[in-house]
Novice: 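Input: one structure, supplied below.
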Amino acid sequence: MADADTTGLVEDLFRRESAHLVAALTRLLGPSNLSLAEDVVQDALLRAMDAWRFGAPRDPKAWILQAAKNRAIDIIRRDRRLARLPELESEWTLPGAVASALSPAEDAANQLAMMFSICDEALSPETHITLILRLLCGLSPAEIARAFLMDTATIDRRLHRGRARLQGLGHLHDVSDPRDVCARQPSVLHALYLLFSEGYHGSDAENPLHPVMCSDAIRLAELLLASPATDHASAHALGALFCFNAARLSTRLDDAGILVPLAAQDRAQWDRALTERGVMHLAGASAGHRLTRWHLEAGIACEHTIAPSVQETNWARIVALYDELLAETPGPIVAMNRALAVAELRGLDEGRRALQAVASDEKLSGYHFFWASLADIERRAGRPTEARALYERAMALSRSPAERGAYQRKIALLED
Amino acid sequence: MAKFTFIFHGGAFVTPGLSPTEMQEHLNKWHAWVATFMKAGRHHVSQPLENRGKIVRGAERIITDGPFAESKDLVTGSLTIEAASLDEAAVLARDCPIYEFDGFVEVRPILELER
């Protein structure tokens, strides 16, 4: 045992290992034993926490792996029905078979199999993302409930539904089967998109950013790219979108926890390494035959992230991309964002007209950001009275101190 | 300086359903607490215990399973430290993270036979 104060544990070690091992054990024991796999992992982590209280071992990852391995071998010995494979039946081959199933070399394949099995067409996208957070990100039902602002019982019900479906599968979907991959890839990408969005502007308005979810979404998207079977242009596009947005994550909130508008963010603080990763993925995305919404959204995010300032942003290209996106996935939020880009490209009057054209939409009329955007335009057009009334409307609709604070600031600026 | 043993009962180690993040954060708090003894130069010996065991009892020396992890006051380990007095040792035990999950610490002076 090393001294406690000289051995810092890798951040997220427990969460990551939980995700690795749940996927590996579920693949080994079969999805009908999903709950058992989760229990084995919980037990291994609990033992680690217990044993390491006075100092962590030299190789914590290997320690957890060994604990899970021992426990798995133990339960297979005790219940021979768990020995689904011939190599698990013989005492001679059992330890080796468990070791190779749990080996880090299998991590990517295990987690991809879990991801594709979760994204089942019989389950809703909400259940997909809930299962991903539970099984592939190692979040507890209570942690998932907090992020979604829901009660734990609702999350438990979703997990129960999802688990029941998974447990009915004879085996996890192997991504080596191209039919499964083609059929499920779109819902996998959509689930990862929801995961990232939840981290980037989450349901919990009091605490809207969850960088952990963003980095997990990037990690899982890059797992897709690391396997030839799932390395599709659309997955690259999604990876690019995540990287461009994540590069700007650190400047979205100020020290007081107030949302900072794009124009006021310190671009020098944006993460260059992530931007470069985004550019790399965008190049990979262009290899495809089909332009997906992820391509278009990645293109827009790219223009924002590489621009030196709001004024020097390529608004013409952004508006063109929004036009295509509106045709691909029509919706009020896309229309609103397009209108904001129009205001930058063709002037405030055109922008105002484009916003007013969608104001009757029910979703937008109850959305604080819509009224704040209109207020921004009036403020810039030199109409402070109109702007103030609109900011107040936005404030009345906003959900959190972070949002209200941002609008209060804008009203205060009007008075200068 | 006299020696005292902290006997840890219950806490996170017998709490079901902790998330991986909660476990790791809790563990970090233990490391920070144990590090304070090292920094203060207090000699210490620690001993975590597994959550399983056997109990041997009675004139018949009957062996049974137990104690069980479900027991809220299960002994989960011990730590022996040096302190000036029992009162000081008890104060040191107040900073232990065990209370976060409803555990408790029993502070016992070590009986030195040869003085």
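Because the structure is predicted, anything quoted here is derived from the model rather than measured. By convention in this document, chain letters (A, B, ...) are assigned in the order of the sequence lines, proteins followed by strands, and residues within each chain are numbered from 1.
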Novice: So which of A:Leu194, A:Leu139, A:Ile144, A:Ile118 actually passes side chain to side chain contact (heavy atoms under 4.5 Å, CB included) with A:Ile132?
Specialist: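 The side chain to side chain contact (heavy atoms under 4.5 Å, CB included) with A:Ile132 is passed solely by A:Ile118 among A:Leu194, A:Leu139, A:Ile144, A:Ile118.
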Novice: For A:Glu17, is it the side chain, the backbone, both, or neither that has a heavy atom closer than 4.5 Å to a heavy atom of chain B?
Specialist: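 The answer is neither part of A:Glu17.
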Novice: Is a salt bridge present between A:Asp12 and A:Arg15, judged by a nitrogen-to-oxygen distance below 4.0 Å?
Specialist: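 Here A:Asp12 pairs with A:Arg15 in a salt bridge, since their nearest N and O are under 4.0 Å apart.
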Novice: For the atom pair CZ (B:Phe6) and OG (B:Ser78), what is the distance rounded to the nearest 0.5 Å?
Specialist: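 That separation rounds to 11.0 Å.
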Novice: So what's closer than 4.5 Å to chain A heavy atoms on B:Phe37: side chain, backbone, both or neither?
Specialist: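 Neither part.
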Novice: Answer with side chain, backbone, both or neither: which region of A:Glu143 has an atom nearer than 4.5 Å to a non-hydrogen atom of chain B?
Specialist: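 Interface part for A:Glu143: side chain.
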Novice: Counting only heavy atoms closer than 4.5 Å, note whether B:Glu50 contacts chain A via side chain, backbone, both or neither.
Specialist: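 Both backbone and side chain.
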Novice: Taking the ring centre of each residue, are B:Phe8 and B:Trp30 less than 6.0 Å apart?
Specialist: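 Aromatic pair counts; centres sit under 6.0 Å.
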Novice: So for B:Leu18, is it side chain, backbone, both, or neither that comes closer than 4.5 Å to the heavy atoms of chain A?
Specialist: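 Contact with chain A: backbone and side chain both.
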Novice: Between A:Gly162 and A:Thr127, what is the shortest heavy-atom contact and its length?
Specialist: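 Closest heavy-atom pair between A:Gly162 and A:Thr127: CA-CG2, 4.0 Å.
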Novice: For B:His26, is it the side chain, the backbone, both, or neither that has a heavy atom closer than 4.5 Å to a heavy atom of chain A?
Specialist: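 For B:His26, side-chain heavy atoms alone lie under 4.5 Å from chain A.
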